[in-house]
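Working notes, beginning with the structure itself.
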Amino acid sequence: MTFVPNFGVARTEDLEELGELIGSLFHSSLDAESQAVQQSLLEPERTLVVRDNTELVATATAFTRELTVPGARLPAAHVSMVAVAPTHRRRGLLTELMRRQLRDVRDVGTEPVALLWASEGRIYPRFGYGLACQQLVVECETTELRLPDPTAAEGRLRLIKPAHCQGELARVYDRVRPDRPGWSSRSEVWWNYVLADPAARREGATERRALLHEGPNGVNGYALFRTRHAWDAVGPKAVTMVDEVVSGDPAANLAMWRLLLALDLTRRLTLRGVPLDDPLLRLLNEPRRLDARLTDALWLRVVNLPAALSARRYATSVDVVLEVTDDLLAENTGRWRLTGGLDGASCVPSTGAADLACDVRALGELYLGGTGLGELAAAGRVRELRPGALAATGPAFGWQRAPAAMEIF
């Protein structure tokens, strides 16, 4: 029988079936608690689905959240749950879903960029997504790691269940977030997602714990972590599994890491995402022993080019004409004059000679300030059309803080 795909948007009654499809494709089973949290995040009107008769065979969704970018915060489509059933692969469903989603985001007009985590990095560049943020994954022995001595201003630490201090966690996060490109807003429903801790998904570890640091003016830092018991013939070797460490205060950051690296009976520590400029890399006596591994984090797609380039700020003054190609969103193709600096920016169509040429994917890689213009030029991804344009423009796209990502959405 000929397959005729039926494209549409999800209904509330589709959420359970969507959860089953996603779980099967990502090889995981959701317990009732996890499924309830996941369903609370979904926005049916933003969830595209494909059916074969009555069977749901493909989907892609986007969450409505705010994203921190260099010098600003803006609405961004947080793309997630992109999946095609194995029985319906190689039929163009993924391509059509991504095209439709980008067109929808562009036509609504409130979100100039989209971003996602990629299960496989080779999938999304063909849709204009560029690798905008890389991080380090740490899995290290802690016995020989040392930090600087305590300072008198370090304040007080206390351990508490995360559910009992969600408000304090949110206040710290919201104070720090404006300074970190790549971090997303967290509403109450997103905090519920971040802090969800079903026993069925702990894989032998303890429940999650919150470590709070209190300074003179209250809580100014927190860490979320758990531990996993382990013992061998020579003694204890438990693992500290850190999810987040958030603080804008150097003394608080140092105090929290001192505790996390020296918990009794632990010998190892893991941390999923460490920013490339994280203070921990400068504080440790032996940073090489972190055995840190570089990995990709956020992939970003410029959806509305003039709005996106006007929304962020630039580290130095910039005045450049960019010649951009975009195979999926023709409105982005053309010459654009970008002017701006730390106080604001403008991006308008231009008839002047172009200084640099690139595709829209390259702009996604540059957008959060974590990729150098010179890096892309060396890879042949950006072409210099006017001598000196690379050197003059490159510093503007950088930023004082490296981009980072938090929870996988």
Side-chain angles (χ1 to χ4, degrees), residues 67-72 74-79 98-99 101-103 105-106 109 111-116 118 121 124-134 181-182 296-316 318-341 344-350 352 354-386 389-390 392-399 402-403 405:
L67 176 70
T68 300
V69 303
L74 71 159
H78 287 59
V79 175
M98 298 305 291
R99 286 175 178 268
Q101 185 181 65
L102 285 171
R103 174 48 58 191
V105 173
R106 173 75 194 209
E111 298 167 324
V113 301
L115 67 155
L116 53 78
Y124 295 99
R126 69 179 190 263
F127 304 114
Y129 283 86
L131 179 54
C133 172
Q134 293 178 293
D296 61 294
L298 294 175
W299 295 72
L300 189 141
R301 214 291 183 185
V302 171
V303 178
N304 185 322
L305 187 151
L309 294 188
S310 299
R312 63 156 288 180
R313 300 296 175 255
Y314 297 86
T316 62
V318 60
D319 188 345
V320 64
V321 175
L322 304 170
E323 186 171 306
V324 181
T325 56
D326 187 338
D327 294 335
L328 297 184
L329 296 174
E331 301 96 320
N332 292 330
T333 295
R335 292 181 183 176
W336 302 91
R337 184 182 180 189
L338 171 65
T339 57
S346 171
C347 184
V348 296
S350 174
D355 302 307
L356 301 169
C358 65
D359 63 8
V360 74
R361 177 188 166 196
L363 291 181
E365 294 178 73
L366 289 167
Y367 194 73
L368 294 181
T371 303
L373 191 62
E375 294 176 53
L376 294 178
R381 304 281 315 289
V382 173
R383 293 183 294 115
E384 184 178 57
L385 305 179
R386 175 179 61 80
L390 277 172
T393 308
F397 277 93
W399 199 245

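Side chains are part of it too, since the values below use all heavy atoms of this structure and drop only hydrogens, waters and symmetry mates.
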Assess whether side-chain contact (heavy atoms from CB on, under 4.5 Å) is satisfied between Asp326 and Leu305, documenting all intermediate values. CA-CA 10 Å; Asp326 187 338; Leu305 187 151; over 6 Å; no
Evaluate the criterion side-chain contact (heavy atoms from CB on, under 4.5 Å) for residue pair Tyr129 and Val79; output intermediate values, then yes/no. CA-CA 11 Å; Tyr129 283 86; Val79 175; 3.5 Å; yes
Distance-only criterion, 3.5 Å: show the donor-acceptor pairs between side-chain atoms of residues 361-378 and protein atoms not counting sequence neighbours.
from   : atom 1 : to     : atom 2 : distance (Å)
Glu365 : OE2    : Arg381 : NH1    : 2.6
Glu365 : OE2    : Arg381 : NH2    : 2.7
Tyr367 : OH     : Ala308 : O      : 2.6
Thr371 : OG1    : Glu365 : O      : 3.1
Glu375 : OE2    : Gly372 : N      : 2.9

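Each of Leu390, Leu338, Leu385 was compared with Leu356 under the side-chain contact (heavy atoms from CB on, under 4.5 Å) criterion, and only Leu390 meets it.
The two atoms that bring Leu298 and Gly182 nearest to each other are CD1-O, 3.5 Å, heavy atoms only. When every heavy atom of Leu328 is checked against every heavy atom of Leu102, the shortest pair comes out as CD1-CD1, 3.9 Å. Residue Trp299 comes nearest to Ala118 through the heavy atom pair NE1-CB, 3.6 Å, listed as atom of the first residue, atom of the second, then distance. Residue Phe127 comes nearest to Arg301 through the heavy atom pair O-NE, 2.9 Å, listed as atom of the first residue, atom of the second, then distance. Across every non-hydrogen atom of Ala315 and Pro395, the tightest pair is CB-O, 3.6 Å. The shortest non-hydrogen separation linking Val113 to Leu67 is CG2-CD2, 4.3 Å.
Counting heavy atoms from C-beta on, the side chains of Val348 and Ser350 never come closer than 4.5 Å. When side chains are defined from C-beta on, Leu309 counts as touching Leu322, because their heavy atoms get closer than 4.5 Å. Here the side chains of Trp336 and Pro349 are in contact, with some heavy-atom distance below 4.5 Å. With a 4.5 Å cut-off on side-chain heavy atoms, Asp319 and Arg337 count as touching.
Although no hydrogens or angles enter the test, the distance criterion places no donor-acceptor pair under 3.5 Å between the side chain of Arg335 and the main chain of Thr333. At least one donor-acceptor pair under 3.5 Å links the side chain of Asp355 to the backbone N or O of Val321. A donor-acceptor contact shorter than 3.5 Å links the side chain of Arg106 to the backbone of Val303.
If you take NE2 on His78 and CG on Leu115, they are separated by 4.5 Å, rounding to the nearest 0.5 Å. Note that OG1 of Thr325 is 10.0 Å distant from CG of Asn332, once rounded to the nearest 0.5 Å. Remark: Ser310 OG to Leu74 CG distance equals 11.0 Å, nearest 0.5 Å.
By the ring pair (Phe, Tyr, Trp, His ring centres under 6.0 Å) test, Phe397 is found to be paired with Tyr314, residues two or more places apart in sequence or in another chain being considered.
Looking at Arg103 and Glu331, a side-chain N of the basic residue comes within less than 4.0 Å of a carboxylate O on the acidic one, giving a salt bridge.
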